[in-house]
There are 2 protein chains.
Amino acid sequence: MAITLYEIVCADDARFSPYAWRSRLALAHKGLEAEFVPCRFTDKAKIAFSGQDKTPILIDDGQVVCDSWSIACYLEEHYPHRPSLFGGSAARQLARFINHRTDTQLNPALFRLLAYDIYLRVDPVDREYFRRTREARLGRPLEQVHAERDRYLPALASALVPLQMALGEQPFLSGRAPAYADYIVMGTIQWTARASELPVVAENAPLYAWRERMLDLHGGYARTRGLPQSQGLEIPAG
Amino acid sequence: MAITLYEIVCADDARFSPYAWRSRLALAHKGLEAEFVPCRFTDKAKIAFSGQDKTPILIDDGQVVCDSWSIACYLEEHYPHRPSLFGGSAARQLARFINHRTDTQLNPALFRLLAYDIYLRVDPVDREYFRRTREARLGRPLEQVHAERDRYLPALASALVPLQMALGEQPFLSGRAPAYADYIVMGTIQWTARASELPVVAENAPLYAWRERMLDLHGGYARTRGLPQSQGLEIPAG
């Protein structure tokens with residue numbers, strides 16, 4: 001039975017949720033095919049079967065797994081003979097720290113910079129919902145946060161420093177080969193690059209060379225999948 | 001031939017350099033005895049043999065190793081049959097990221113809060129040097145930074161969030177057993193607890209229970225070693 005992943009979709013069928021990209025790259029790392037089911041922000045009824053209201057959601061052989069970290073752990077446990085997503089139990093727990101650090105520091109530092117750009121790219125049906133929920137989170141109108149972007153750039157640069165340092169010393173965050181910690185951060189980079197023109201990754205920075213390596217992985221998976229349909233090189237749900 | 005570690009010493013023979021504590025705990029993890037040689041901030045002549053001016057410095061069998069990360073890698077490579085400091089190559093590289101993150105985000109967030117307290121604890125001979133170099137780094141007088149402490153607490157709490165989250169889920173940052181990533185963060189916690197009364201670790205927080213576990217490790221090593229001589233339970237250079 002095929003694996004299914006429910007993920008957020010924006011206008012023009014674009015897929016750029018940072019959390020869904022973690023799961024997409026984890027599936028590609030394991031060499032697993034999946035069907036990707038698009039779900040708009042307000043499509044809560046479509047995922048009610050999962051007992052909660054967030055994506056990504058994985059369904060494999062009747063099992064429903066919510067939350068990108070749980071999905072990674074599920075894939076590691078149920079497909080142990082395929083390439084490891086973690087590379088051992090200590091590495092898995094350190095990846096968990098990186099997961100928390102990305103969710104609570106890097107992604108919020110970026111969200112202030114991206115929020116308005118994402119708003120412009122969400123499906124028109126979702127716009128009112130997106131504006132209301134995100135303005136509540138940010139504490140002010142999206143347009144105002146957008147106008148203040150320059151003020152937020154130093155915090156972002158600072159959050160990127162340890163990544164730049166680590167990637168200046170080794171090809172991947174996980175060492176010589178990519179693993180789930182790399183996919184966590186790549187989710188964030190895909191989100192940024194696809195939702196915005198924001199020049200987060202300067203061409204001379206270690207993060208830039210790493211992103212190129214990440215885009216090349218698994219047959220160019222992150223370069224070619226989930227693009228807006230008008231630029232798409234694939235059938236998006238394949 | 002015995003292993004020797006040169007480390008910063010403050011007044012009353014107190015040892016609380018966060019970087020030396022990484023090496024101390026790495027040695028204890030490997031079950032290696034060492035002689036700890038105190039070095040004041042201005043004792044540059046004493047460590048000139050190393051070709052640079054920073055501690056910790058390890059000497060083992062005639063080899064001189066500078067920098068706490070290089071010391072950890074040296075110990076792992078030269079004592080492979082003793083307990084691993086990393087638990088695999090992916091975990092080692094993720095620990096390297098945590099090393100960079102601690103050096104560039106957590107420690108600077110704390111240093112603003114601790115600088116004046118450390119100043120009061122450095123050897124009187126080192127005070128002028130400490131004040132001059134640290135005021136240059138902070139951009140203003142130590143007393144002014146100290147008076148502004150409340151302003152810096154939110155950034156510190158924010159830097160601690162992913163640690164609290166990870167340690168709420170597992171006994172150590174590295175999983176079920178401690179490893180070098182734990183020693184990196186514990187160096188910071190020792191520095192804080194010994195240089196200051198600052199209540200960084202609230203008693204109900206996961207970080208507090210973790211610190212208790214860390215203090216108990218290796219026969220209570222971090223609880224009993226390197227204390228000021230007037231409180232000391234050991235001969236400090238033993």
Side-chain angles (χ1 to χ4, degrees), chain A residues 29 67 69-70 72-73 76 83-109 112 154-185 206-207 210, chain B residues 29 67 69-70 72-73 76 83-109 112 154-185 206-207 210:
Chain A
H29 184 95
D67 176 74
W69 177 257
S70 298
C73 294
E76 186 74 348
S84 172
L85 276 170
F86 298 113
S89 75
R92 171 177 165 155
Q93 299 308 340
L94 298 180
R96 181 59 168 155
F97 169 79
I98 290 173
N99 198 99
H100 286 314
R101 193 250 176 193
T102 306
D103 292 355
T104 61
Q105 303 191 322
L106 186 57
N107 287 1
R112 299 184 296 191
L156 173 65
S158 161
L160 293 174
V161 164
L163 291 169
Q164 302 277 19
M165 292 174 80
L167 293 170
E169 295 170 350
Q170 57 201 13
F172 297 100
L173 210 48
S174 309
R176 282 190 214 160
Y180 193 67
D182 293 273
Y183 302 143
I184 293 168
V185 177
L207 202 56
W210 168 81
Chain B
H29 184 95
D67 177 73
W69 178 257
S70 298
C73 294
E76 186 74 348
S84 172
L85 276 170
F86 298 112
S89 75
R92 172 177 164 153
Q93 299 308 340
L94 298 180
R96 182 56 168 158
F97 169 78
I98 290 174
N99 197 100
H100 286 313
R101 192 250 176 193
T102 305
D103 293 355
T104 61
Q105 303 191 323
L106 186 57
N107 288 0
R112 299 182 298 190
L156 173 65
S158 160
L160 292 175
V161 164
L163 291 169
Q164 302 277 20
M165 292 173 80
L167 293 170
E169 295 170 350
Q170 55 199 13
F172 298 99
L173 211 47
S174 310
R176 283 190 211 160
Y180 194 67
D182 294 273
Y183 301 144
I184 293 168
V185 177
L207 202 56
W210 168 82

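Below, chain A is the first sequence line, B the second, and so on; all start at residue 1.
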Go through the steps to decide whether B:W210 and B:L163 satisfy the test side chain to side chain contact (heavy atoms under 4.5 Å, CB included), and finish with yes or no.
-> CA-CA 10 Å; B:W210 168 82; B:L163 291 169; over 6 Å; no

Any chance you could lay out the side chain to side chain contact (heavy atoms under 4.5 Å, CB included) test for A:F97 and B:L94, step after step, and finish with the verdict?
-> CA-CA 10 Å; A:F97 169 79; B:L94 298 180; over 6 Å; no

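When the candidates B:R176, B:R92, B:E169 are compared by the number of heavy-atom contacts under 4.5 Å with chain A, B:E169 comes out ahead. Of the listed residues B:R101, B:Q170, B:H100, B:Q105, the one with more heavy-atom pairs under 4.5 angstrom with chain A than any other is B:H100. For the set A:S158, A:A179, A:A177, the entry with the most heavy-atom pairs within less than 4.5 Å of chain B is A:S158. Among B:A95, B:A166, B:G87, the residue making the largest number of heavy-atom pairs under 4.5 Å with chain A is B:A166. With chain A as partner, the option from B:N99, B:V161, B:T102, B:T104 having the largest number of non-hydrogen pairs under 4.5 angstrom is B:T104.
Between B:H29 and B:P83, the shortest heavy-atom distance links the atoms CD2-O, 3.5 Å. Taking all atoms of both residues into account, the shortest heavy-atom contact from A:L106 to A:L156 is CD1-CD1, 4.0 Å.
Heavy atoms closer than 4.5 Å to chain A are found in both the backbone and the side chain of B:L173. Contact annotation for B:F86: only backbone heavy atoms (N, CA, C, O) come within less than 4.5 Å of a heavy atom of chain A. Residue B:L167: no heavy atom, backbone or side chain, is found under 4.5 Å from chain A. In this structure, the portion of A:A181 lying under 4.5 Å from any heavy atom of chain B is its side chain and not its backbone.
No side-chain heavy atom of B:Y180 sits under 4.5 Å from any side-chain heavy atom of B:I98. You'll find the side chain of A:Y183 reaches within 4.5 Å of the side chain of A:P178, heavy atoms only. Using a 4.5 Å cut-off on side-chain heavy atoms (C-beta onward), A:S174 and B:Q93 make no contact.
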